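Read through the structure below, which is laid out as structure tokens, and then see the notes.
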Amino acid sequence: MTLRLRSCPKEAIIEALPRRDEEVSDAALVARARGRDSWALEMLYRRHVQVVAGTALRLLRNHADAEDVAQETFLIAFEKLAQLSEPAAFRGWLVRIAVSRVHRRLRARSVRAFLLPWHEPVVEEAGLEHEARAGASPEQLAELALLDRAVASLPLRMRTPWLLRRVMGCALEETAEACGCSLATVKRRIAAADVVVGTHTGVRHDDRE
Amino acid sequence: MTIGNDRRDMSPRPLRDQLRPALDEAGVARVWRAVRSQGEAGTRAQVRTRVVSAGAVALLATVVLLVAVRWGGVERAAPGPLRTAADGAQLTAVLRATATPVALDDGSRLSVGQGSEIEILANDGDRFVAALRRGSCRFAVKPGGPRRWTIETDLATVEVVGTVFSVLRSRDGLEVSVDRGVVLVRGERVPGRVVRVRAGERFALAAAAIAPPAAAASDAEASARDGAPPDLAAPRRSPTLALPEPSRGTARRSAQMAEDAGEDEDAKFSAADAARAAGRFEEAAQLFAEVMQESPNEPRGALAAFSLAKLELEHLRRPERAAETFAWVVERGAPRGLVEDAQARRIEALWRAGRREDATSEAHAYERRWPQGRRLAEVRALVAE
């Protein structure tokens, strides 16, 4: 059990976090967060920050930009928490906001590159092979590099759902929600991306859900 | 999918398990601090969390500037009552005939005629109300000012925003002559309770009966009339414009019509829109221009200006004027959504007017101001031609 201090203007209150088997659901956290429970806000943040930052990083391929997007995403989400109609779907909603912010950045990047060609382009230093866990074998690194090239060649409308599904492990419904399209459309796009990736890397996928 | 020695390995692990977390603990904590502080401030973070806040630098610069301005003795105060331009003296409660116009500190001028008397009823930052007790007075109200001017007479009330007009209260009745802009004349005895008098028109309201407006008088006529201001410039002659017949006026504006100038302007705006939809572009442009002039500080005015500029650019083939009108919208600064579009359309107007360098310069300014603007792609495409 972990004890954490909750700041209070008059006195310090120590309260226990819930145990794993009593984990508070997203819906419950959202309800508490709407009541300005700062602990609930932080819980929501810590629970989902990696999927948000990971989504941003895989698409933007730049750590600083990904961090900015993560910050923006949570600010927007907490600002608009009252508008979330299904608190249980908080994660999908959050990822959708993140994807939207990422796409804005990518659009701004391309326009800036065109209008201001003398500016240094954003360095895309976060390719998949650079993000491998410590201890990855050379073969694994090579595979990741191949995969990274293949994914980078995909148009954004295919790259986004493919990364969400194949890299971040999001469910199909969640992926569709994040991309703002139907389940059928997202399946089609992921399948098309699979073909491209498979051609480059020899890896085949199967969605059995 | 998974990455392993066997490329056809189909272990169902998402690839993220093979990758480091996007944020390490320090990064998680850093982002949370930024979210919390921005959330508490009620604003969205746009600044990179790893860079020293540019806001702190800007704040310091602002403090330095404020101190310098203070020491420099220059203070910007909210607009207070109108004062004389010459010496900043407060206006007396009653103004009588003056040999020369009274220049006011907002750029407006009053010319009080011989034997005339004006009583100032209210004078503050957003209104100037005076009652013309007798005689005549010529008002040159500077457009774009913060105040609504209201001139009361016992027969009717004249409301203006930025115009040049004269009001004469004689034994026979009331006359309102407009040289520039538009005024509204309201009163129970005014047909339909309110009429709009445009530049080149004169509205007369007899003490005993209602008279239709006529073309503005010449110098000779003006000076022959009682109490005419000695320095009254000759109003322009213009074709006689008849007031709407009382029955038509009543049909157009019922006795229950709200005494809100805003509703009249909305009606004019609607008429302009209808004219545009019907392809009567010159007529629509004229109406939009009037709304723009009459409501310069209201969103309605900005929208009218935007609509006018679009007409000038898209239908009337006047890109230079369109560019100026779009610039007017941008300078007003509100509504914000319109400003961005206006700035982008101004670039297009400049381009079409052959002012390529100005257009390119404006494009750079647009990109700096709206780095993620809706029109970035269009602006880019335009200056790339």
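Just so we're clear, the structure is a prediction, and the values are computed from it rather than from any experiment.
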Any donor-acceptor N/O pair, [X] side chain to [Y] backbone, under 3.5 Å:
{"X": "A:R133", "Y": "B:D17", "result": "yes"}
{"X": "A:R58", "Y": "B:R16", "result": "no"}
{"X": "A:Q50", "Y": "B:A22", "result": "yes"}
{"X": "A:Y45", "Y": "B:R36", "result": "no"}

With a 4.5 angstrom heavy-atom cut-off, which part of A:L128 approaches chain B: side chain, backbone, both or neither?
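A:L128 touches chain B through backbone and side-chain heavy atoms alike.
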Please state whether the side chain, the backbone, both or neither of A:A132 comes within less than 4.5 Å of a heavy atom of chain B.
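Answer is both: backbone and side chain atoms of A:A132 are under 4.5 Å from chain B.
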Hey, could you give me the [atom1]/[atom2] distance between [X] and [Y], rounded to the nearest 0.5 Å?
{"X": "A:H63", "Y": "B:D24", "atom1": "NE2", "atom2": "CG", "value": "9.0 Å"}
{"X": "A:E129", "Y": "B:Q18", "atom1": "CD", "atom2": "CD", "value": "14.5 Å"}
{"X": "A:R166", "Y": "B:L15", "atom1": "CZ", "atom2": "CG", "value": "11.0 Å"}

Taking atom CZ as the centre, does B:R352 end up with more than 12 heavy-atom neighbours from other residues, nucleotides or ligands that are less than 6.0 angstrom away?
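Atom CZ in B:R352 is packed in, count exceeds 12.
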Would you indicate whether the side-chain heavy atoms of A:L144 and B:L19 approach each other to under 4.5 Å?
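Of all side-chain heavy-atom pairs linking A:L144 with B:L19, at least one is under 4.5 Å.
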Examine whether an atom of B:P21 lies under 4.5 Å from a heavy atom of chain A, and if so say whether it belongs to the side chain, the backbone or both; otherwise answer neither.
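The answer is both parts of B:P21.
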Please report the closest heavy-atom contact between A:F74 and B:V35, naming both atoms and the distance.
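That would be CB-CG2, 4.0 Å.
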